[in-house]
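The block underneath contains the structure these notes are about, expressed in structure tokens.
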Amino acid sequence: MDIHRSRFIPYQPSAINALAFSHTEPDNNREDPTCLRLAIGRANGNIEIWNPARGAWLQESVFTGGKDRSVEGLAWIQEPDERDGQGITLPGRLRLFSIGYSSSVTEWNLATGLPSQHSSGNHSEIWCFAAQPKLKTSTKETRVDSRDNQQNLIAGCADGSLVLLSTAEGELRFDRFLSRLTTKRARVLSVTYKDRNTVLAGFADSTIRVFDTRNNNVLRNISLGSGPPGGPKDILIWKVRCFPNGDFVSGDSTGDIRIYDGKNYSQMQRISGHEADVLDLVVSQDGNMIFSGGLDRRTCFYSCKKTGDSRSNRGEKWREVSHKRYHDHDVKAIAIYEGNKLNFIVSGGIDTQPIVVPLREFGKELSRGLPTFPSNPPLVSAPKARLIVSWWNCEVRIWRVKNQQEATERPKVVARLALKGDENITSVAITHDGQLLAVATVREVKLFHLTHSEAHDRSALRIRKLDMPPTKGAKIVRFTADGKWLAIITPTNHVQLARATRSGGTAGRPRILPQLFPLQRLNRSDAQRDSLNGSWGLYNRSIHHAEFSTDGAVFAVVDLAGYIDTWVIQGHDDATALEVNIFDSSSSASAEDELSDDEDTPSKERITMFGQQWIRNPSGHLLPRLDSSAVLISFQPTPAGSTPSEPNGNPAVHQTRQNPHPHSHDIPHAEHHLLVVSAEHHLYHFEVIAGRLSQWSRKNTPASYPSQFRMIDDPAKGCVWDVNETYQRIWLYGEKWLFMFDLSRDLPLQGPSEATCQRKNTDKTSKKRKRDPIKENSKKTNSGAGGAVPESEAPVTKMRRYNGGKGDESAKSNWIDVSGTMGSKTDEEYEDQQHALVELRRSSSLINALAKGHHVSEMESHNVSKDNVNQKGRGHEGWWHTFKYRPILGMVPIAGNHQSLEVVLVERPSWDLDLPPRFTGSHE
Amino acid sequence: MKYAGGTSLNGTTPQISSNRKKNRSGKGKLPVSEVKQEEANRCNDENAVGAVKSAGTPSTSSAVHGLSKNKKRQRARSSAAWTMSAPIGGWFIPQDPVFPSNEKHLFIANKREVQIYSTETSLLTGTLPVGSGILSSFALSTTKADRIYVASSEGIITLWDWARKSKIARWDIGTNIRYITVVTQPSSAQDLVYCHEFGKHPVINVHALRTKDQDSQTELKMILKAKSPIIGFQVLLEGKLVIVACNDSVLVGKRTKLQKTALQDFEYIWREFRTSKSVTAIDAYVRLPDPSRKGKGQSQDPRDNLDLAIGCQDGVICLFEDILSTFSRLEKNSKTGNQAGVDLEGLRPKQLHWHREAVRSIKWSRDGNYLISGGNETVIVIWQLSTGKQQHLPHLTAAIENIVVSPTGTSYSVSLANNSVVILSTTELNAKTNVIGVQSRRLDREQLPRDFTSSDYSFAIFGQVPMVVDPKTPSHVLFAVPSSQPRQQHLGIQEPEPYIQTFNIATQRPISRQAMTRNNATDPNIGPERTRILEPNLKHLKTSYDGKWLATVDEWIPPPGDMGYLEEGVSYFNEEERSFRREIYLKFWSWNAKNATWALESRIDAPHLFENVGASARILDLAFDPNGLRFATVGEDRYVRIWIPKTRTRNGVTVRGGDKDSTGGLVTWSLDRSIEFSSKLDVFDSNSSSPVSLAPRNARLGYSSDGSVLAVGVSWPSHSDSGVIHLIDVETGRIQRSITEIDMTALSCLGILGRHLVVVADSIIVWDLVVDELVYCVPFDAPGVDRLQRIPLIRLAINDNDATFAVAYPQFEKNDTSKSRSARNYKKASTRLLIFDPYQSLIRWSATLPEIVLSLVPSRDGKGYIALDSSSSIRLISPRASSLQLITPPELTGQNTPEQEPKIEQSDKREEANETNVSIDILAREELLQDSENDKPVVRPEQLQDIFDKGPSHALPPVRDLFSAVVDLYARKPKASTRLSVA
């Protein structure tokens, strides 16, 4: 495989402006909520929803924004729980709100990723907002009115006014002004609820004001005095946060944090941990920890002395423990979640990478950088035309990559597109020959015809817009390789196919048939009800991956719940058939909703296009639901020549009198292999037509994956197939890794001893930070941040105690390991079971082979090959990996199918990003 | 023929001796080439005997004769001729300075003595000399305020009454004591001395040292035997807590059985914890319980709230709060096997990170609210712990080594890496007291080549320290000093020396320090690549004869790391590119008496230049004219350049400085003439060889004492050419004579003493310029150094006043245990110092100094020499009793016995000039007395005129010089008598 390691794509990830967790702590100290989500608001208007479950940190969906729609703040609220008719408590719905540079608050529909409503009011721009804390339902008998239990919003405006917004009854509307400061007109920079009725607001005139929301009274003005000499007079209070006991803490533009008593609103302590403005800070629920981040790139950690006696010294019990620069640029936002297992803070800023820092395990676990780039690589290629396409915001760029031999110059931009309108692009698709380009936003899908322009510059492409049937926009568009079918996944998770034809139109221009072919997904009845999924919408069912098979005969989508839906094409392509043949014209657009569960009658409406129609895969229901969300689906290319040649002549069924709407019922015979990678790094290799797992997948369970692969904590982003007669290689990649698996051979089984050997080997070979074996074992039990801190970096490693003097016991006394090892037996047991299963499956296949009369030598060779594995290392093991490339934006094939595989691997290192100049520390 | 060192000399020396035998009575043995030390000493004595005898004092002669038999008393005699003073200066030991409780004094120790300074005046008020051995530590008694314990590395602890400067007691412990600290023994009024002793293992012992008048016994109790070297330890609460810092672990010892106070009951429970970073500094603080809650029960072992601050190698300060209770919690947990609930709050230290480099010293303030730390950044950081605020005191003159908070907390004592101690007030951070030692280059024992092969190790760190004696005040010596010399930072890199320090050797006090080049005192000293920015290095330093002008040469070359962008892979090219970027300045400074500083008058950029590549050529030597305002430089570009001052005029009017009340105008120095010397004597060769490639290996300048002749010795890197000495007529700038007869391949020093040219190469060669022949040649051997590597290590000083010259060369004592031949494992380095007379190949006096002499200059005010060595000590070497010398001053005898045959045979101006200033030699006079009584010197009037009409009256040399010149005229020895028969 030839890799073009390239950095020419100026993809610009967007700065993180806001972070918010849907829950700050588990309800009533139970398990971590399954609905825990992190919303990341970016400067380009995108909101990303991340699922931190089990430390996987999966980017589940991206709500695209648009130009000048920066997300400046995010807040979640949860509706009060409801009881349905059977007396079952239904969890309340989660609602997500955002603010931008405007006077309105936007609510987002989590299922569709579209804004659902905006608030409006006669006030100026909103600078900050906060959600009212939930009512603590300590006493159950007080059945409070749902309106009283509502979490309202409070917003601080640029003119110094505070606005209460009501979220009652699923709405979002202006309630009243809490205060109108007309005299100073100082901006409200931060606002928070001290309790349900008290609001603390930090202003730009070095004052914190305390309001009672019930009667609009100002309870207290807390002045921070004037700024340090030489600087501006006013201190900007960038953030106010409250401890559970009512004390509160502020971070301001002098770099200080100040801690106040909640009862008498007096300042208790002032700690200067930053060299420049503190932009955000969070406090832990137990009130013992403060984290702050600011302009000087630091994340500071403060802790509280627990012992009461030292408090007698002064009233000062807080101290800065340490600070660290996790970020390359300003830290703009921090969010905290403190659960039983998962507990971490997440910080983000202009350097665009979210960093997860352990909370309770601070100092014992490493921080972890989450992927900077979208989980769906913004990169597609037209291998036959050697074009690669990348997009960001409203812009698409197309490069042509020269051959390896002539690739002395860097790839040239051959086309640029900037979409009209201010919506960000959600998805782009291009055909293999590079002629058709589909660009989707949440408003519309646009189709372009790319031709070589012979006019002046040979290298430039000529772009013509093609007419599309009206769509409601799309979040995913996909072309088949031959460009005949275009799949459109709408934001409302409807699947539509459009048929493109090359003939017909003027001057040989392709044309899109005006009729869209709707596909229905299976209705899964077992969808659970939780705070995200309910009568208001099913977040879990939102599709986030879709793929055609390479011959264009099978189409598969997968949703967040892990359901796979597949469709196959029926009939044969017949240019002589009617373009569009609808033979149940009574249908309306709403027909899609009338789904029946009967599989044989997928729809009342039957459409064929050129004699073809899509039907649900007959065995599609056999495909199981995945254990976790899929992060990648991809069809294995059928080896060349194995595609069934079309019967000679015209296979289509022609219209006869008996059959006014003829269509073939042939469905593809050849097996199509679909590879699905889950967030847990399981590789599912399905035989789609048969509706079962492939032999490889059955024989290679996750327990037999190489430990290097299991150790990876970044989800997979994409893959490239390299298939020929001798091997079936798949090159999987995540943001920091590249793995090859050969699906034509089994992975070596690793006994426990072997596995440790391997670990040792990796420890020796890997130049990067050594990973302790503990980490792998306790991956599922850790706090959700990085692995354990290696012993060499911990400040204190071990200690012991002995008596000195003559009876010197120093030799006898044992060292106590301070860090303490945490092993989980359950994992090992599970692995052992898996090993047994795999061995059983493999041996059974061998026995079968023997039974069929194969030579005994094969068994021997099997053994021999196993030995080889041990001796020669990974080259023969059917897998290979490297961590050399990072961070990987994407990897796409660039040569045609029949040549040796040639890929472009695009890196976008952080130092290459075009960040604004740093505020402080420019001398470093 | 050539007079080279070594074997060729063996042929010539007997000739000299035979020649001399003829003239003398044949008494005594004459030195042969391989002069052993003992013999040299004896010869020396005999020489002295001879000198005394020739003076015609029979009484002393007989006494001397008797003495010469006794070897022991011979030595006494030899020291009678010349003496070496006790060393002046020297570095302070790295221990914290100590305040007595009243803070009126400050105790600082160097390796020989404890010095007591007054904090009011910064003056030395007394010393407590340790006597033998090296002082390693000292501590004040806690029971009696005027007692001080002083420990030496030989294991001797002495107790002093420092107020009366009297020794009270002395104990011999017999181990290598590294550090001591003293606490009061509980429930008694007596001291306990905690000693860190180093034998096989580092050990901490507690000694109860008792004198006879005390009732109890001297006792010893070992409390800790450590596995790894101990960096330091601290004893708190009268021995209840002992904190020991090792390199990678910290031990906290808590005394058990607190009720029992006998020494043998001192048992400690040690809690040791490993740190991942290496510890460089440590300080502990015990927070005593709140006195307001005293009623709760003070007697029942109050929990000691111990806070521990640890400075690490990477600049982080780790702060462990209340660490003892954390330990006990952890132990409880481990005992119960409850691993999960371990609360690591206490072992999660608070990290204070400002320092970029290792934290060298850290101290708690007295109230425990602040930490004071310092390191190589030359910044004191004061951490306010509750607010996290830092206060910085930047721009201290050098890296910080030790910080001490005074007992009352009103001042900090900070010892810096430039051998100075500053006392700062805590409130305003003003310097109240400033104690400065000799700051010149220090070479630690560790810097001796140890693990290096000969090719790797550079002896450049032993190169010469530029040093001069101020002619205005002969007790002032000026020498170049580095800005900072932190300990634990060595390995062969020579610190640049951008400053000069003026030190008064009479009062043993520093006078001033002045920067001579750009420096980093107020600039950032770390570049963007996190490498240190190096200052230019002062290479040469000379004053004019009147002391009003100072010429310096400084040199800067980019460090190899900054040349990375030009990396071509070939190290030779990299070095060449680097040398093209060398910056060399010749600066002329005038003495500003009002400010008592040197003021820069002229700066000459690239005084020597490789024209074809435009790169600065290094200046190999700088010399001043002993008679006129004239400096000469010789450079790699094969030019000798002579620089003279010119009064600046504008349109014919003298430009005067703004504040100058003096008569002279502004003066600029400029090039007078440059004299090129070709790389080869033969014309053919010079055509063939390319000029650039043949830069001289070394070149030395020597002015004759009348300033008329400038000798340039040049040695070439090629072995085929053994080098040459050109004699240049200063007036005409022509090379008058080129001496090629001397093998100068390893030329290290050169000078003119009277009529003799002294060359130190492979051997010490004295050449008579008048008769143009060899006087003698004495080989010497510097063990442990190669012939070429020793070139920069040899010092030569010429004293015109007593007509002697001194040669110092290093002696490296190899470690015989190392088997490999290539690895130089040196144990010891010392210097051999020889004092010669130009007329005789006898060694007048010799001595061995325990350190490497980095600079050797003649003293100005009279006879003798001043040596500066690698421990920054200054030693004066002077002839013992001036009365003894006065018996035979050359002037007096010369006048009494006028020469009879002053043959002025040659009209050569050079020789004439030499003759006028030739000093009289005793030996020559002996001859004269015997066989040339009739000779009368014929003094021509123009010769007298030469002496007196040299210039305006203010430019005349001192009367003494005039007088000796006149005497020389009349008391010249006849030429023929000293002519050696050269085969």
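Because only heavy atoms are used, hydrogens play no part in the values below, and waters and symmetry mates are left out as well, while side chains stay in. All chains are named by letter (A, B, ...) in the order of the sequence lines, taking the proteins before the strands, and each is independently numbered beginning at 1.
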Nearest-0.5 Å distance that lies between atom OG in A:S322 and atom NE2 in B:H353: 11.5 Å
Distance (rounded to the nearest 0.5 Å) between B:K350 NZ and A:F301 CZ: 12.0 Å
CG-CD distance between B:L385 and A:E320, expressed to the nearest 0.5 angstrom: 11.0 Å
Show me the donor-acceptor pairs, under 3.5 Å and distance only, between side chains in residues 246-253 of chain B and residues at least two apart or in other chains.
{"residue": "B:S249", "atom": "OG", "partner": "B:E272", "partner atom": "OE2", "Å": "3.0"}

B:T387 OG1 to A:R258 CZ distance, which is reported to the nearest 0.5 Å: 11.0 Å
Atom OH of B:Y370 with >12 non-hydrogen neighbours under 6.0 angstrom: no
Which residues share a side-chain hydrogen bond (donor to acceptor under 3.5 Å, both in side chains) with A:S284, sequence neighbours left out: A:D286
Side-chain donor/acceptor of A:Q269 to backbone N/O of B:S386, under 3.5 Å: yes
Euclidean distance, B:Q351 CD relative to A:K324 NZ, rounded to 0.5 Å: 8.5 Å
Separation between NZ of B:K389 and CZ of A:R270, rounded to the nearest 0.5 Å: 4.5 Å
Interface residue of largest heavy-atom contact number with chain A, from B:Q390, B:R274, B:Q384, under 4.5 Å: B:R274
Closest-packed option against chain B by number of heavy-atom pairs under 4.5 Å, given A:G273, A:G255, A:S272, A:C300: A:S272
